[in-house]
Amino acid sequence: MTRRAVPIGIGHYLPDRIVPNSHFEALVDTSDEWIRTRSGIERRHFAADGQLTSDLATRAARAALENAGISAGDLDGIIVATSTPDLTFPSVGTIVQAELGMTRGFAFDVQAVCAGFIYALCTANAMIVSGQADRLLVIGAETFSRIMDWTDRSTCVLFGDGAGALILEAQEGAGTAQDRGILSTDLNSDGRYREMLYVDGGVSSTGTAGKLRMQGNPLFRQAVEKLSQTAETALQRTGLTSADVDWIVPHQANIRIIQGTAKKLNVPMEHVIQTVQDHGNTSAASIPLAMSVGVADGRIKRGNLILSEAIGGGLAWGAVALRW
Ligand code: UT7
């Protein structure tokens with residue numbers, strides 16, 4: 001028998017304010033047509049003034065707890081993937097812990113930008129498989145609208161706010177690729193590429209939060225190559241093939257990256273969950289948001305094989321294969 005980290009509940013939260021592409025036509029020299037054709041984005045949600053990353057994370061967490069039919073007291077820990085925390089410290093995790101009324105266990109944040117949810121899933125999986133925890137809440141939550149330069153058309157049209165949450169529980173599996181739960185993981189980073197996507201401020205440099213800066217086109221070319229490699233590695237580690245993949249649930253940065261990666265993996269687009277058109281790029285929140293949407297609308301079913309991949313600032317990238 002093998003200890004597996006098995007999904008038992010999922011949920012998400014998107015702020016009420018929906019911003020269509022046309023909003024940006026008045027801000028910068030852009031068009032709805034350019035944004036749609038280059039990125040696939042049609043609209044995104046922005047948090048309200050005073051609405052914090054921890055607020056979005058807590059709403060998503062409550063939805064996941066309800067979906068799992070458990071309470072916060074049943075959790076051993078919370079891991080939040082975010083690059084847009086409420087404060088420099090404490091972690092968003094501990095704020096969510098208090099909001100949920102959870103007085104035991106642990107909470108912390110993981111920061112791997114758009115790959116953050118993959119990194120958090122790998123961390124949770126390692127803790128569960130090693131016996132350190134039995135039930136973990138893994139959240140991706142971001143308010144990227146707060147680090148946008150509204151005069152930079154090459155970035156401000158691309159990002160959105162939101163949160164998704166997944167609950168993983170230790171269960172015994174047979175040790176085969178037919179087990180439910182996380183079957184394999186693959187993590188990578190290469191700091192030589194850090195200038196491709198970064199925020200130009202921080203505690204020990206400028207003392208400010210800074211604004212997002214991105215070399216979109218070079219990053220685009222890195223993304224398709226690295227995402228298909230990491231997804232292929234995770235898949236190979238399960239012993240399964242692309243024909244066994246029921247759903248790719250990718251990071252949602254750009255529809256052309258999603259299409260290019262699916263093509264390289266030989267998985268038809270009918271087997272890819274796409275939310276980029278409605279959410280934009282929500283960084284660490286994009287995978288749990290897409291997974292939650294796919295589960296809620298009935299596409300992702302118990303027993304389905306899911307392959308998730310993400311890349312972002314660092315560069316940091318990785319993939320997880322899991323059976324729902
Ligand atoms: O989540 C983390 C990972 N993020 C990513 O993986 C994002 C990767 N990059 C991308 O998604 C794409 O590179 C973008 C959507 C950012 C840009 O698409 P692109 O096809 O790579 O366009 P480009 O950067 O090569 O720019 C093409 C043209 C340029 O004009 P010139 O130099 O050809 O005259 C840009 O100045 O489009 C211009 N442009 C815009 N035009 C209208 C850039 N942004 C805009 C805009 N509206 N918003």
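Computation of the quantities below employed the complete heavy-atom set of this structure, encompassing side-chain atoms and omitting hydrogens, waters and symmetry-equivalent molecules.
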Salt bridge flag under 4.0 Å for residues [X] and [Y]:
X	Y	value
Asp76	Arg104	yes
Arg3	Asp134	yes
Arg213	Asp149	yes

[Y] side chain reached by [X] side chain, heavy atoms, under 4.5 Å:
X	Y	answer
Gln132	Ser130	yes
Ile182	Arg4	no
Ser145	Trp150	yes

- Mind checking the CD-CD spacing from Glu25 to Glu33? Nearest 0.5 Å is all I need.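 So the gap between those two atoms works out to 10.5 Å.
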- Query: Quick one: CD1 on Ile248 to CG on Leu305, what's the gap to the nearest 0.5 Å?
  - Reply: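 Going from CD1 on Ile248 over to CG on Leu305, the span is 10.0 Å.
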Is a donor on one side and an acceptor on the other found under 3.5 Å between the side chain of [X] and the backbone of [Y]?
X	Y	result
Ser308	Val249	yes
Ser286	Thr282	no
Arg323	Gly181	no
Asp278	Thr275	no
Thr230	Leu227	no
Arg44	Leu158	no

- Query: Linking I/L/V/M/F/W/Y whenever their side-chain heavy atoms sit closer than 4.5 Å, directly or via other members, would Met214 and Val157 fall into one cluster?
  - Reply: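 Met214 clusters together with Val157.
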- Joint hydrophobic cluster, Ile306 plus Leu235, side-chain heavy atoms closer than 4.5 Å: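 No, Ile306 and Leu235 fall in different hydrophobic clusters.
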Search all heavy atoms of [X] against all heavy atoms of [Y] and return the closest pair with its distance.
X	Y	result
Arg237	Thr185	NH1-O, 2.8 Å
Val276	Ser39	CG2-O, 4.1 Å
Ile78	Gly93	CD1-O, 4.3 Å
Thr53	Thr84	OG1-O, 2.5 Å
Thr238	Ser184	CG2-OG, 3.3 Å
Met269	Ile255	CE-CD1, 4.3 Å

- Please state whether the rings of Phe24 and Phe46 are parallel, tilted or perpendicular, taking 30° and 60° as the class boundaries.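 Perpendicular.
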- So, Asp190 versus Asn188: side-chain donor-acceptor pair below 3.5 Å or not?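 No, no side-chain donor-acceptor contact under 3.5 Å.
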- Item | Heavy atoms of other groups near Glu195 CD, more than 12 under 6.0 Å |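 Incorrect, the count does not exceed 12.
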